[in-house]
Every structure is written in C-alpha cells, then in structure tokens.
Amino acid sequence: MGYQKVKGTQDFIGLDAQKMRLIQDKMANVARCYGFEEIVTPIMENTEVFVKSVGETTDVVTKEMYTFLDKGGRSITLRPEGTAAIARSYLENKMYGEAGIKKLYYVGPMFRYERQQAGRYRQFNQFGVEVYGKAGPMLDADLIAFGYYLCKSLGIKNITLKINSIGDSSSRNNYSKALKEYFGGCIDTFCEDCKKRINANPLRILDCKVDAGREEILNAPKLSSFLNQESIDYFNEVKKYLDNLGIDYVVDENLVRGLDYYTDTVFECIINSDDELNGLAVVGGGRYANMLYDMGKVDVPGIGFAIGLERVKLLMEKEGLFDNLDNSTEVFLMGLDEESKVVTLNLANKLREKGIKAELDYASMSMKSQFKTAERLNAKYIAIIGEEERLNNKVNLKNTLTKEQITISQDDLIKYIK
Ligand code: HAM
C-alpha cells in the first residue's frame with residue numbers, strides 16, 4: 001500500500017474544496033456585516049499559550065494537543081483552538097491600546113488528537129470570532145444571535161441553540177466543592193480520567209466523553225444553584241436581549257463546555273439528526289472574563305465562538321443545500337484539426353479573460369470523443385471549429401440544453417455568450 005493521509009485528516013478535492021470555500025466566504029461576509037475584521041495568526045504557538053488558558057485538566061490539554069520540541073528545543077503546539085492564540089496576538093500587538101471594542105474573525109485548521117468518529121477529525125477547520133472590550137450582556141446576546149444566524153444564513157435548519165451561565169470563578173469554586181462531595185461516593189465506578197478529575201477539576205466529570213449519559217451525571221447538583229446574584233442578573237439580561245431579538249433558545253443547565261476559560265455566558269448550537277451527528281455541537285462559545293488578565297495582566301474581558309466547517313458541510317450536504325452549486329463549464333471549444341485547435345486555444349483565453357469558464361481538449365481531433373468530454377464537463381455551449389469555420393472566421397455554436405445550433409462570427413462569440 002502506498003502513502004496514506006494521517007488518521008483523522010481529510011483531502012478536499014474539487015467540489016468538496018469548493019463547498020468548504022463557499023462556507024467560509026459566506027461566513028466572512030456575514031462577519032463583516034457584524035463589524036468584524038479578519039485576523040490571521042500562525043498555526044503553531046508556544047505550548048504555554050494553550051496550557052493555562054484552555055486548562056491543565058481539560059481533555060484538550062491532557063490528551064489532544066499535537067506538541068513537539070522544535071530543533072531549538074522549544075515546546076511548540078499545533079493550535080487545538082483559536083481563542084488562546086488570538087488572545088496571545090491581541091496582547092502581543094497591544095490591540096488593547098485601541099479605542100472601543102475589538103471584533104476579530106479567523107478561519108483555519110485546528111488540530112486535536114481525538115478519537116475518530118463521524119464529524120470528529122484530528123485536523124478540522126474552524127470559523128471563529130472573538131470580541132474584546134468592556135461591554136455587557138447586550139454584546140453576549142448579539143454574539144449568540146450572530147452564531148445562530150451564521151448557521152441559519154447557510155440554510156441549516158436542524159439545530160437547537162442551548163445557553164447557560166457557568167457564573168464567575170467564586171461561584172464555580174463553591175460548585176466544585178459540592179461536586180467533589182457528590183461524586184465522592186461513586187467515583188470508583190467512573191473512568192480512570194474522572195478519578196483524577198474529582199480532585200483536579202470535578203466540573204470536567206460533567207463533560208466526560210466516556211461516562212456521558214450516566215444517571216449520576218444527569219442528577220448531579222446544578223451550577224445554577226451556586227451562581228451569585230450578579231451572575232444571575234447578568235444571565236437574565238442576556239436572555240432578555242435574546243427574547244427581544246426573537247431568538248429561539250433552550251437553557252441547558254448541564255452545558256459547561258470542555259474548555260476552562262469560560263465565565264458566565266456559554267452557548268452551543270447542537271445538531272438534531274437521525275444519524276451519528278445527533279447531539280454534536282456545530283457552534284460553541286462563551287464569555288471569558290479573565291483570560292487576558294491571566295495571560296498578560298490586561299483587564300479586558302472577551303467573548304467568542306467557533307464553528308466547525310466540516311460539521312457545517314456535512315449538515316448542508318444532508319439538507320441538500322449544495323444541490324444548486326453550479327460547477328458546469330460555460331463553453332467547451334472543439335477543434336477538429338490541428339490549426340483549428342490553435343484557434344480554440346485563443347478563443348478560450350479570450351472568453352476566460354471576460355470571466356467565462358471555457359475549456360478545450362488539447363489532444364483529440366475526434367468529434368465523438370470531444371462531445372464526450374463536453375458532456376463530462378457539463379458544458380452549456382459547445383463551440384465547434386473545423387476547417388470551414390476557421391477559414392471564414394466563424395464558429396458553430398451548439399446550445400446543449402435547447403439543442404439549437406447557430407453559426408456566428410468568432411468576434412461575436414463573447415457577446416453572444418454573455
Ligand atoms: P469548541 O467547542 O472546542 O470551542 O469547538 C468549536 C466547534 O469546533 C465545535 O462546535 C465543532 O463544530 C468544531 N470542532 C471541535 N472539535 C472538532 C473535531 N475534532 N472535529 C471537527 N470539528 C470539531 C472552541 O474551540 C472555542 N475556541 C470556541 C470559542 C471561541 N470560545 C470562545 N471563543
């Protein structure tokens with residue numbers, strides 16, 4: 001067997017690549033309407049960028065990062081997510097010195113050594129947004145609505161928006177203590193990771209992929225009972241603005257997210273489907289009040305979300321949303337002898353210069369084989385040039401849909417097609 005791609009990665013060829021490009025272009029257009037500007041950061045970062053911010057006890061940091069020493073002995077990590085990397089850039093480039101809030105969007109590959117399954121890859125692409133600056137619950141609602149709208153604007157229907165508040169750090173510390181006590185009696189029956197999590201970070205037991213769905217997890221104390229008044233008021237405001245925007249959402253008290261940096265508002269758009277994608281998140285995000293302070297002593301809160309482009313593509317394929325993608329060739333130019341081929345090459349290039357998709361057969365003189373090629377390329381028009389047409393500066397043009405066939409001058413071809 002020859003070379004094979006790395007497990008959990010994908011090749012996107014032709015139409016598949018076109019679909020991915022279309023998704024990100026559409027998202028970028030929507031993001032610009034929401035006032036976001038693009039940021040492009042390196043795919044690799046110094047490992048410490050992710051460890052503390054994403055959380056030393058999270059699955060991402062403990063099991064999933066692609067980390068290696070470079071030739072200079074530095075620990076480098078292929079980014080598993082964008083938020084910490086964008087925060088690093090925000091701090092390093094002192095963007096906090098600019099007036100007002102900063103709205104950034106990014107798109108690109110992320111890397112996580114995860115168990116391979118439907119919709120879960122080791123290299124996947126995210127479209128993400130981050131907002132930095134002191135703004136209250138109205139921003140949270142606007143951003144949640146934006147994430148939800150991104151999916152809707154692509155035509156995706158079968159998703160549920162779930163929101164929750166995980167409160168501030170002091171509420172969560174109290175909650176952690178309660179969980180430690182609650183799980184203490186039954187932790188022996190949990191997976192090896194959860195046995196470690198109970199002391200390091202009991203909250204992570206709630207989003208364990210191995211023990212997911214267990215009664216003990218479903219019946220665990222709810223974080224909402226530990227929120228302080230400030231967090232409760234904040235969350236109520238977020239909900240009020242979402243109601244005002246007419247956004248359909250469900251409050252899910254079990255939604256805690258798998259990354260440690262969040263505070264208060266968190267949200268996900270969950271896939272509803274009759275296959276293995278059911279229950280997976282397509283959008284995930286939330287507020288993080290302390291990350292920039294912890295990373296660079298800059299007291300600016302952030303909020304953001306990311307969408308998995310592969311999951312969006314799978315959903316759109318399932319819902320038939322790419323069916324109108326037009327990949328056909330506008331004009332196929334057919335030369336029936338050596339000299340006519342040269343004419344077809346010239347005409348093809350003139351058409352292309354005018355933005356018309358034109359293709360030709362470089363080798364064959366046979367009409368039969370060239371008709372086959374035109375059919376394979378789904379050509380709308382076939383322009384045939386044989387000796388007679390060439391000598392008279394003409395082209396015989398066939399409309400493959402109506403079967404109508406006319407002879408026009410070569411100079412009129414572009415005008416006619418346009
Ligand atoms: P996340 O929930 O880890 O959040 O990922 C966001 C989205 O990326 C998921 O909802 C999913 O669509 C996609 N995704 C994640 N892992 C995979 C995978 N292995 N294969 C395919 N798709 C995947 C974050 O990454 C946060 N940085 C989001 C954020 C931005 N929070 C605040 N700002």
Side-chain angles (χ1 to χ4, degrees), residues 6-10 20 23-24 27 31 36 39 41 45 49-50 53-55 58-61 63-66 78-88 90 102-132 139-140 143-144 146-148 150-151 154 156 159-164 166 204 207 209 255-271 276-277 279-292 301-316:
V6 170
K7 196 172 168 187
T9 65
Q10 297 187 87
M20 292 293 277
I23 294 168
Q24 49 183 283
M27 288 184 175
F36 284 77
I39 180 168
T41 61
E45 294 279 346
V49 168
F50 301 109
S53 52
V54 171
T58 56
D59 277 357
V60 170
V61 169
K63 297 188 205 160
E64 296 171 0
M65 294 210 301
Y66 282 88
L78 299 184
R79 63 181 181 197
E81 62 104 49
T83 311
I86 306 299
R88 190 273 307 146
Y90 177 83
K102 189 84 187 160
K103 292 177 159 183
L104 300 168
Y105 81 84
Y106 52 95
V107 55
M110 309 289 158
F111 305 84
R112 295 183 195 175
Y113 189 80
E114 288 199 81
R115 208 161 57 80
Q116 206 185 344
Q117 61 186 81
R120 206 180 282 287
Y121 308 95
R122 291 185 176 171
Q123 175 175 336
F124 57 96
N125 290 278
Q126 279 187 346
F127 182 93
V129 303
E130 311 295 342
V131 183
Y132 304 104
L139 167 64
D140 295 25
L143 201 90
I144 295 171
F146 170 30
Y148 188 57
L150 268 182
C151 296
L154 290 164
I156 296 171
I159 49 167
T160 303
L161 170 63
K162 291 187 171 178
I163 64 170
N164 193 21
I166 58 168
R204 293 274 75 90
D207 58 37
K209 286 173 195 143
L255 181 66
V256 290
R257 307 273 300 132
L259 311 156
D260 275 356
Y261 46 66
Y262 294 110
T263 51
D264 287 305
T265 319
V266 290
F267 64 100
E268 285 183 350
C269 291
I270 303 291
I271 301 170
E276 324 89 293
L277 294 178
L280 279 183
V282 61
V283 183
R287 164 168 284 278
Y288 43 96
N290 309 321
M291 185 196 278
L292 296 174
I303 181 167
F305 65 77
I307 306 193
L309 300 191
E310 286 78 2
R311 290 185 190 175
V312 168
K313 176 171 172 281
L314 286 170
L315 284 178
M316 289 179 71

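Remember, it's 1-based here, ligands and their atoms both numbered in the order they're listed. The analysis underlying the following values was restricted to heavy atoms, covering all of them including side chains, and did not include hydrogens, waters or symmetry mates. Nothing fancy with the numbering, it's 1 onward along the sequence. All values reported here derive from a predicted model rather than from experimental measurement.
- Near ligand 1, residues E81, T83, Y106, R112, E114, G119, R120, Y121, F124, Q126, E130, R257, L259, Y261, Y262, A281, V282, V283, G284, G285, G286, Y288, G304, F305, A306, G308, R311 come within 4.0 angstrom through at least one heavy atom.
- Considering only residues two or more places apart in sequence or on other chains, F50 meets the ring pair (Phe, Tyr, Trp, His ring centres under 6.0 Å) condition with none of them.
- In terms of the ring pair (Phe, Tyr, Trp, His ring centres under 6.0 Å) criterion, residue partners of F127 (sequence neighbours excluded) are, by chain and number, Y105.
- At a threshold of 4.5 Å between non-hydrogen side-chain atoms, the residues K103 and V129 do not count as touching.
- In terms of the ring pair (Phe, Tyr, Trp, His ring centres under 6.0 Å) criterion, Y148 has no residue partners (sequence neighbours excluded).
- Contact record, R112 with P80: NE-O, 2.7 Å, taken as the closest heavy-atom pair.
- A donor-acceptor pair under 3.5 Å is absent between the side-chain atoms of E310 and the main chain of K313, judged by distance alone.
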